[in-house]
Number of protein chains: 2
Amino acid sequence: MKKYESIYQDLLTKIEEHKIKAGEKLPGEFELRDYYNASRDTIRKALSLLSQNGYIQKSQGKGSIVLDINRFNFPVSGLTSFKELATSIDRKIETIVICCECIEPDEEIKHLLMLDDNTKVWYIERIRKFDDEAVIFDTDIVNADIVPSLTKEIVQNSLFDYIENKLGLKIGYAKKEITCRPVTSKDQKVLDLKNYDMLVNIASFVFLEDTTLFQYTISKHRPDKFRFSDFARRTKNTL
Amino acid sequence: MKKYESIYQDLLTKIEEHKIKAGEKLPGEFELRDYYNASRDTIRKALSLLSQNGYIQKSQGKGSIVLDINRFNFPVSGLTSFKELATSIDRKIETIVICCECIEPDEEIKHLLMLDDNTKVWYIERIRKFDDEAVIFDTDIVNADIVPSLTKEIVQNSLFDYIENKLGLKIGYAKKEITCRPVTSKDQKVLDLKNYDMLVNIASFVFLEDTTLFQYTISKHRPDKFRFSDFARRTKNTL
DNA sequence: ATGTATTTGTACGTATGTATG
DNA sequence: ACATACATACGTACAAATACA
C-alpha cells in the first residue's frame, strides 16, 4: 500500500473508533510528519483524502477539525455498483436477472454508445428486491467488443467486479443524471409498484480509463425506496 | 490569482475553445512545466483540478486525455446556490419570497440545528418560477446568532452571496439528501403542481468552515422539473 | 492595535517507482 | 530492453490566515 494511503487509513480508523473525536483538532502537519516518519507532502496527501471524503475540515491558520460522520448516514454517492452498495445495508437483498443476451443494437442504442455497424451489445435486465419487494429495475447495455462474454451468473453477482477483476479493465469515470419519469407498462410488470405512478430514473454512462464509453445503464427506483446522499465542499480545491 | 489556478484556467479555456479537442492528449507534465515556467508540482495541481472537474482523464504511463464536455450537459452537482445555478440556464427565472421572519424555533428545528434555548432562527420561504410556473419551493432555516439580520431584498437576491460577501463568513461544506415525498396541502397552495402527487425533496445541512452548522434547507422540486447531474470517478484519488 | 508564533497553502527542486507502448 | 509519462516521496522556502500574548 502507498504510504499516504496507509496514513489515511490509520487516521481514518482513529476517527471511526473515536480515538479522535468529532470537533477535535488533528495534530498539525509537522507533528504528523514526525509521528509517521513521512514528509509533509505525504501527510498532506493523506489529509487531502480525509477532506475529500468528508472526514475532516481543513482551514488555513487554524488546523484540521474532525467532522461528525454519524450525524447522518454517509455518501451513497460516487461510482459504486449495486453489489457494493448492498453490503452496506442491513436488509434482505436479492437480484433477479430477467434477461442477459447479446443482441444487435437498435439505432438509439447505437447512437448512445457511439457504436459502429457490426458491434453487438449485451442487453441485461435486472430486478433488485429489498425485503422481498421488487423496487429497483436496472437495464444495462454493454459494448460486446469490450466485454465479449457474459453469463447470468456473472450479472447475478456483480458486473463491475467481473469487468475490473476478471477482465482486468480499468473503469475510469461515469456521468450520471437523476430525473423522474412516469412508469411504463414494463415497469408495472416487473416491479411491485403499489400506487406509485412515477419512478426515479438514474441514467449513467460509464467510461474506461482510456475514455472509451462501454456501458449505458438505466436504474429505476420506486420513489419511497430512493435515497441519494451527497457531501459537497464549497471549494473543491482539496489539493 | 494562484499560479496553479491560472494554469488551470488557461488549460480550461483551451479545452472549452477546442484549441485542444476532446480525445486528444495534453502535453506531458514536463512539457507543460517548461511552457508555463512552473514546477511540475504546480502543473500537477492544475491537472488535478481539471481531472476533479471532469475535463480530463489522467492515466499513468499514457498521459492526460481531454474529455468531451458537451456530450451531456454538465454537473449541477456540488454546492451551488439557486442564484448561481439560475444564471447558467437560459430560461425566464423568478424568485418570490413568501416569508422571511425571525422566530423562536420549535423543538424539531432546535434539535436539527443543535440550538440552545435562547437562539432564534430566520424562517424563509421562497418559490422559484421557471417560465412563470411555480415549480420549486424552498424553505430555509438560518441560525440568527450567525446571521443576525436579513431582509426580503437579501433573500430575494442571494442568501449565499450575502453570507459570504457581506458578512464575510466562509461556507465550508454541506450534506445533502435527495428523496421523494408526497405533496402536502401547503405545497399544493404555493406551487403549480398539475397532477403530480410527489415532489423531489432535497434536504441540506450547511456548515461554515469552522464546522458550525448554520443552515438547514428543504428544496422541493416538481418531478418533471428536477434534474441532477453528477460526474463520478471510480477512484477519487486525484492527488 | 501590534507583533509573534503557529498552521495551512503555494511553489520549487530532486529522486525513484510504476505503468504503458 | 528501452523510452515515455504519470505517481509517490523526500526536501526547502516563503506566503497567507489565524490565534494569542
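The basis for the numbers below is simple: all heavy atoms, side chains too, and nothing from hydrogens, waters or symmetry mates. To find a chain, count down the sequence lines: A is the first, B the second, and so on, and within it residues start at 1.
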Pairing partner of D:dA19, by Watson-Crick or G-U wobble and under 3.5 Å for both distances, is C:dT4
Counter-base of D:dT12, judged by Watson-Crick or G-U geometry with both distances under 3.5 Å:
C:dA11
To the nearest Å, how far apart are [X] [atom1] and [N] [atom2]?
| X | N | atom1 | atom2 | value |
| --- | --- | --- | --- | --- |
| A:Y4 | C:dT18 | OH | P | 13 Å |
| B:K45 | C:dG13 | NZ | P | 14 Å |
| A:K3 | C:dG17 | NZ | P | 14 Å |
| B:K58 | C:dT18 | NZ | C1' | 14 Å |
| A:E29 | D:dG11 | CD | C1' | 15 Å |
| B:L26 | D:dC6 | CG | C1' | 13 Å |
| B:L49 | C:dG9 | CG | P | 14 Å |
| A:D41 | C:dT10 | CG | C1' | 12 Å |

Determine whether a donor-acceptor pair (N or O, by modelled atom type, separation under 3.5 Å) exists between the side chain of [X] and the backbone of [Y].
| X | Y | answer |
| --- | --- | --- |
| A:S39 | A:T42 | yes |
| B:T13 | B:Q9 | yes |
| B:Q156 | B:T95 | yes |

side-chain hydrogen bond (donor to acceptor under 3.5 Å, both in side chains) involving B:N201 - partner list, sequence neighbours excluded:
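Listed in chain order: nothing, the list is empty.
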Residue set satisfying side-chain hydrogen bond (donor to acceptor under 3.5 Å, both in side chains) with A:E17, at least two apart, ordered chain then number -> A:K19
Would you please test A:R128 and A:D138 for salt bridge (charged side-chain N to carboxylate O under 4.0 Å, His left out) and show each step?
CA-CA 8 Å; A:R128 317 294 195 168; A:D138 285 351; 3.0 Å; yes
The ring-ring contact (aromatic ring centres under 6.0 Å, His included) partners of B:F226 (sequence neighbours excluded) come to B:H221
Under the rule for ring-ring contact (aromatic ring centres under 6.0 Å, His included), what residues qualify as partners of A:Y216, not counting sequence neighbours?
A:F205
Measuring from the side chain of B:S64 (C-beta onward, heavy atoms only), which nucleotide among D:dC6, D:dC10, C:dA11 has the closest atom?
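Nearest listed nucleotide: D:dC6.
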Could you run through nucleotides 15-21 of chain D and give me one letter per nucleotide, 5' to 3': B if any protein heavy atom sits under 4.0 Å from the base, S if only the sugar-phosphate is that close, - if neither?
-BBSS--
A:T42 side chain N/O closer than 4.0 Å to the phosphate oxygens (OP1, OP2) of D:dC10?
yes
Can you confirm if the aromatic rings of B:Y173 and A:F231 lie within a centre distance of less than 6.0 Å?
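Ring-ring flag for A:F231/B:Y173: true, centres closer than 6.0 Å.
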Can you sort out which residues in residues 30-40 of chain B have a heavy atom within less than 4.0 Å of DNA chain D? Ascending by number, please.
B:R40
